[in-house]
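Written out below as structure tokens is the structure these notes cover.
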Protein chains: 2
Amino acid sequence: MLLARIQKLSVAIPENLAEMLEEEIIFGRLKSQERLTEEMVAARYGVSRSPVREALRLLERDGLVTREARRGIWVSPMSQRDFDEVYTCRIELEGLVAKQAAESADIEKKAEFKSLLSELKQAQARNDARQFFIVDVRGSFLTYTLAGNKTLTRLLGGLEKQALRYRYHAYEQDPKIIQLSLDDTGRIYDAIMAGDGESAKAMTENLIREIWQSMRAGIRDAFGEG
Amino acid sequence: MLLARIQKLSVAIPENLAEMLEEEIIFGRLKSQERLTEEMVAARYGVSRSPVREALRLLERDGLVTREARRGIWVSPMSQRDFDEVYTCRIELEGLVAKQAAESADIEKKAEFKSLLSELKQAQARNDARQFFIVDVRGSFLTYTLAGNKTLTRLLGGLEKQALRYRYHAYEQDPKIIQLSLDDTGRIYDAIMAGDGESAKAMTENLIREIWQSMRAGIRDAFGEG
DNA sequence: CGACACCATATTGTATACAATGTACAGGTC
DNA sequence: GACCTGTACATTGTATACAATATGGTGTCG
């Protein structure tokens with residue numbers, strides 16, 4: 001509904017289902033560790049279990065649900081440990097993708113960062129967190145596209161969604177979190193547009209590391225160490 | 001058959017199918033861009049299309065097959081571009097996992113590297129590339145286990161398999177490639193056992209970078225730039 | 001009273017039937 | 001002769017029926 005739709009206009013049922021469930025999970029309407037039965041999901045969306053199974057496989061791939069053979073499927077638990085895992089990986093991979101994006105020669109695509117940044121500012125000004133996150137994710141995907149590294153995009157796609165769960169939770173508790181990253185994000189976009197790969201990489205790593213550290217205690221209090 | 005079996009003794013059909021197909025792809029019995037129809041695979045292994053579909057989803061997750069909606073499924077093409085993608089990601093993530101493994105306090109598990117190293121030497125002495133790769137992969141999974149980072153393991157699982165395709169191909173062309181990494185691998189194992197995370201990380205990054213560079217031209221000649 | 005075994009039920013796993021769609025080839029038209 | 005169109009076929013996508021298994025409760029035996 002939100003993330004994958006940016007990538008392609010696919011109309012396949014499993015992908016659409018997955019997108020909708022993703023959004024439910026990211027924005028907390030499906031809570032951590034809540035159980036999902038195939039039949040329930042199928043009934044709810046008016047389809048059979050076949051496409052539901054495939055959708056759940058996709059969510060499993062992206063770490064949003066956890067499956068135990070013949071036992072069932074649950075929304076993946078959140079914990080400080082999981083949060084740390086996601087963020088240590090993100091530091092490395094987001095840094096790499098920022099560098100590769102900066103090294104791209106696609107001037108026109110790079111220019112899109114300008115409008116994205118103003119959209120981010122608007123969303124921030126209106127305190128519209130949901131819109132902020134949506135635009136932020138579009139920025140991530142633009143970076144991925146520029147980097148032109150399908151493998152890296154595939155890996156980051158999953159991490160991004162897991163990370164967003166934590167970020168949205170943090171926002172709910174303290175809305176000013178979305179202000180934290182705006183200035184740095186702008187500087188990173190500038191470095192990418194300027195073709196300064198090393199700088200984009202370093203700033204991205206720092207930004208993610210900072211967000212990680214600033215959120216860490218709150219995550220532990222909310223979900224435990226894990 | 002080879003890789004996943006190390007992780008668990010699962011007997012689920014889709015996982016087993018995926019393992020067997022993985023091995024076929026890694027060792028080149030299923031060639032790059034060869035088409036796979038669900039019915040074909042199902043008939044070959046004597047099961048219905050349902051578990052085959054799930055197995056193919058798993059392979060898709062790990063980048064070994066490429067799916068186009070309603071068009072079909074192919075063994076993922078190999079190319080220098082794809083090779084570069086896999087290796088730039090591996091440098092970051094394998095470095096990270098080596099560091100986190102070194103920081104583990106699980107002495108007993110760490111000791112397993114000793115026997116692994118001697119197994120590697122044996123395989124090398126006998127010029128048994130297949131065995132060498134199998135043991136090497138076990139070393140990777142031991143490292144992943146020590147790191148105790150499920151997210152990172154999930155990400156690397158896929159990359160590892162893609163990388164192994166290229167490594168086995170390179171071996172077929174020039175068997176001495178398996179000697180390249182043995183000494184460095186030993187030093188990395190030592191650093192992990194000694195708890196020297198930064199050193200393990202640096203050496204791992206260097207090793208993978210070296211392997212990458214040394215294989216790059218051969219990959220291009222064999223599969224094109226992509 | 002506790003523990004173990006057994007059975008009922010809920011849920012996932014697999015097989016199969018049917019639907020939708022993309023591809024290739026044949027035929028016709030300009 | 002080239003290009004477009006329509007139809008047959010191959011293949012994936014979805015629905016449904018059935019099988020296997022894990023869970024929870026109940027009853028019985030020690």
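Lettering follows sequence order; numbering is per chain, from 1. What's counted below: heavy atoms across the whole structure, side chains too, no hydrogens, waters or symmetry copies. Being a predicted model, the structure only gives us computed values, none of them experimental.
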> Rounded to the nearest 0.5 Å, how far does CD1 of Ile73(B) lie from CE of Met40(B)?
Replying inline: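 Answer for the CE-CD1 pair, Met40(B) versus Ile73(B), is 10.0 Å.
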Is the phosphate of [N], meaning OP1 or OP2, less than 4.0 Å from a side-chain N or O of [X]?
X: Ser48(A); N: dA15(D); answer: yes
X: Arg67(A); N: dG13(C); answer: yes
X: Arg71(A); N: dT12(C); answer: no
X: Arg53(A); N: dG13(C); answer: yes

In whole angstrom, give the distance that lies between atom [atom1] of [X] and atom [atom2] of [N].
X: Arg57(B); N: dG13(C); atom1: CZ; atom2: C1'; value: 17 Å
X: Arg49(B); N: dT14(C); atom1: CZ; atom2: P; value: 15 Å
X: Glu68(A); N: dT12(C); atom1: CD; atom2: P; value: 12 Å
X: Arg70(B); N: dC9(D); atom1: CZ; atom2: C1'; value: 16 Å
X: Glu15(B); N: dT12(C); atom1: CD; atom2: P; value: 15 Å
X: Leu56(A); N: dT12(C); atom1: CG; atom2: C1'; value: 11 Å
X: Ile13(B); N: dG13(C); atom1: CD1; atom2: P; value: 11 Å
X: Tyr45(B); N: dT14(C); atom1: OH; atom2: P; value: 16 Å

Donor-acceptor contact present, side-chain [X] to main-chain [Y], <3.5 Å:
X: Ser32(B); Y: Met78(B); answer: yes
X: Arg130(A); Y: Tyr168(A); answer: no
X: Glu85(A); Y: Lys150(B); answer: yes

> Do Leu36(B) and Glu34(B) touch side chain to side chain, with heavy atoms closer than 4.5 Å?
Replying inline: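 No. Closest side-chain heavy atoms not under 4.5 Å.
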> Of the nucleotides dT14(D), dG13(C), dT12(D), which one has an atom closest to the side chain of Glu39(B)?
Replying inline: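 When the side chain of Glu39(B) is considered, dT12(D) is the closest of dT14(D), dG13(C), dT12(D).
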> If you check every side-chain atom of Glu38(A), which of dT11(D), dA15(D), dT12(C) has the closest atom?
Replying inline: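 Nearest nucleotide to the side chain: dT12(C).
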> Contact class for Leu36(B) vs. all strands (heavy atom < 4.0 Å): base, sugar-phosphate, or nothing?
Replying inline: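 Sugar-phosphate only.
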> Base, sugar-phosphate, or nothing: which does Thr37(B) touch, judged by heavy atoms less than 4.0 Å apart?
Replying inline: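 Contact class for Thr37(B): sugar-phosphate only.
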> Hey, which of these two, Ile73(A) or Pro51(B), hits DNA chain C nearer its 5' end, going by closest nucleotide?
Replying inline: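 Taking each residue's closest nucleotide, the earlier one in sequence belongs to Ile73(A).
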